[in-house]
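Step one of this worksheet: look at the structure below.
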Amino acid sequence: VVIPITMLARGGWRQRLIGRAAPECSGIRNAPEHGDEKGIPSVRFEDRICEHLPSLRRYARSLCVDAAAADDLVQECLLRALRKRHLWRPSGRLRSWLFRMLYRLHLNERAAAVQRREIPSADATARGDCSHPASQEIRAICGDVLEAVETLPEEQRAALLLMALEAPSYREAARILGVPVGTLRSRLSRARETVRQLTARPETGGEYARLRRVR
Amino acid sequence: VRTWWLRPVTDEDLVAFADGRLARRDAERVAAHLRNHPDDADRVRAYVEQDARLRKLYDRVLDEPVPARLGRLMERPRAGVPRGLAAGLGLAALSLAALAALLGVFGPGSDALRSAGRSFFELGDERPLEEAVAPRISSFAAAVLAARAAEPEAAHGTLATPGADAKVARMPDAAAAPDLGSLGLRLASVAERREGAHSFTEYVYRDAQGARVALYEAEPEAQAWLAAREDVDALCAVNHAGTHLVEWILEGRRYVLVGDRSLAELTRLALHARAAHPLPLLAGQAGPAQAAPEAPAREASAASHLEPSPAPTREPVLVHSPAQEM
């Protein structure tokens with residue numbers, strides 16, 4: 001009993017346990033509560049998360065069918081982040097960590113919904129619902145892009161929306177989506193080209209315009 | 001040979017060009033390609049427009065108020081036990097449970113054993129930290145905290161104020177204070193404090209902004225306190241009821257460092273103080289061979305000691321012999 005406590009006081013167990021951090025949180029290590037080793041006043045973990053909260057909600061809104069589901073997803077992501085806060089360190093890439101967590105939760109939820117046969121049809125997710133916040137005017141102008149994005153496979157859609165909305169580096173985006181950079185670039189290329197063809201005006205050769213993917 | 005210039009431009013290159021993610025020379029190669037291929041240039045333009053339209057659609061989310069349930073989630077204090085601490089204490093609990101099972105106090109599968117094992121998994125819950133793990137501090141640290149609580153914060157600084165004319169309460173002890181000038185802290189006051197039956201020396205330091213850090217040193221006659229515990233020379237950083245303190249034992253003497261700083265910063269100061277401390281070389285304790293080089297420092301005046309000293313010029317004096325301590 002005494003040995004673990006003594007080692008704990010000296011940081012031995014702490015270091016050993018930190019070394020076994022979850023793979024998805026690699027790069028995020030334990031941190032002092034109110035500052036770092038250099039004495040630089042640090043921001044609270046919750047405050048750092050709050051900085052990314054609007055972006056998280058935006059990306060979740062683009063992934064999910066409706067706004068409530070998107071906020072549920074963000075809430076689940078925040079709960080998981082708080083549970084794993086001991087793996088965070090100030091120098092870690094918090095945005096990558098949060099977005100990766102959000103995306104994986106989304107995939108998990110989607111897989112569970114498939115099992116429950118709750119995946120909505122393409123038409124149900126088409127732009128006419130209340131999932132995205134744009135005004136009627138903007139939707140009238142940009143709705144075709146949304147329709148085209150909805151027809152994309154899930155992996156391509158996630159990659160395209162991530163790059164369009166958050167503009168991370170390819171390396172960071174690949175880390176978030178859990179794929180190699182080459183795979184990310186390939187998905188992006190296919191997604192962009194599909195959307196371009198679907199949104200092209202007929203007079204400009206958009207022979208695929210107004211087609212929807214049949215699931 | 002500029003072979004890179006001859007590489008064909010792929011669809012992925014066009015997308016990366018639209019994203020602005022190409023290296024400079026690759027971007028130049030693609031730009032040259034686009035000048036000769038207007039169809040590809042239109043594709044790149046379409047990709048850029050896609051991004052702009054998607055952002056226009058979703059950027060309004062950024063201006064929406066955050067739902068209250070998410071806001072509450074971030075405001076709720078979550079004083080969970082750090083994983084290392086929880087696992088360490090969990091291991092201790094498991095050790096106890098295993099020992100008890102071996103001794104036959106508890107039979108296999110009994111409720112007591114199960115509860116001891118369960119605690120290993122339940123330490124990471126949302127109970128306040130004070131309830132989950134009561135920070136253990138020494139009786140000396142408790143006396144220090146009690147003395148600090150009894151005396152208003154303002155009174156701590158009245159013993160001496162930083163400046164050329166400051167008067168230090170007890171000069172003989174000022175020379176024994178560790179020099180923390182290299183960390184931006186200078187000695188502001190030295191005082192003898194007493195709490196109950198315990199007396200100790202208080203060294204107060206202040207930084208350029210006036211923030212206060214206090215170092216407490218147990219009196220030699222109080223070393224009997226130390227007999228019981230003695231996890232030795234390890235630094236012990238504790239958040240005790242919101243007060244951050246670091247305590248350690250050096251050469252049989254207990255020290256406590258308290259300040260309104262993070263535990264990491266206090267630990268860094270403590271490490272420096274421990275290395276820079278001239279050690280308890282009271283009159284008559286040091287041998288003549290060791291006392292000689294220390295003499296100039298002992299004769300320094302109070303004013304000179306309180307002058308800002310940007311860097312420590314004194315080497316740590318690690319002079320001690322167990323025989324002398326007796």
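Since the structure is predicted, the reported quantities are computational estimates derived from the model, not experimental observations. Numbered from 1 within each chain, the chains take letters A, B, ... in sequence-line order. The figures that follow rest on heavy atoms only: side chains count, while hydrogens, waters and symmetry mates do not.
- No other option in Gln75(A), Arg57(A), Arg190(A) has as many heavy-atom pairs under 4.5 Å with chain B as Arg57(A).
- Side-chain atoms of Arg186(B) never come within 3.5 Å of backbone atoms of Ala208(B) as a donor-acceptor pair (strictly under, hydrogens ignored).
- When the candidates Ala46(B), Ala18(B), Ala52(B), Pro67(B) are compared by the number of heavy-atom contacts under 4.5 Å with chain A, Pro67(B) comes out ahead.
- The candidate from Ala164(A), Ala70(A), Gly182(A) with the greatest count of non-hydrogen atom pairs under 4.5 Å with chain B is Ala164(A).
- Both the backbone and the side chain of Ala167(A) have a heavy atom closer than 4.5 Å to some heavy atom of chain B.
- Contact annotation for Asp13(B): both backbone and side-chain heavy atoms come within less than 4.5 Å of a heavy atom of chain A.
- Side chains of His106(A) and Glu154(A): a donor on one and an acceptor on the other come within 3.5 Å.
- Between Leu78(A) and Leu53(A) the shortest side-chain heavy-atom distance falls below 4.5 Å.
- The ring pair (Phe, Tyr, Trp, His ring centres under 6.0 Å) contacts involving residues 158-195 of chain A comprise nothing, where partners must be two or more places apart or lie in separate chains.
- With sequence neighbours left out, the ring pair (Phe, Tyr, Trp, His ring centres under 6.0 Å) criterion links Tyr59(A) to Phe99(A).
- For the set Asp42(B), Leu14(B), Asp19(B), the entry with the most heavy-atom pairs within less than 4.5 Å of chain A is Asp19(B).
- Contacts between Ala60(A) and chain B at a heavy-atom distance below 4.5 Å are absent for every atom of the residue.
- Around the CZ atom of Arg69(B), the shell of radius 6.0 Å holds more than 12 heavy atoms that belong to other residues, nucleotides or ligands.
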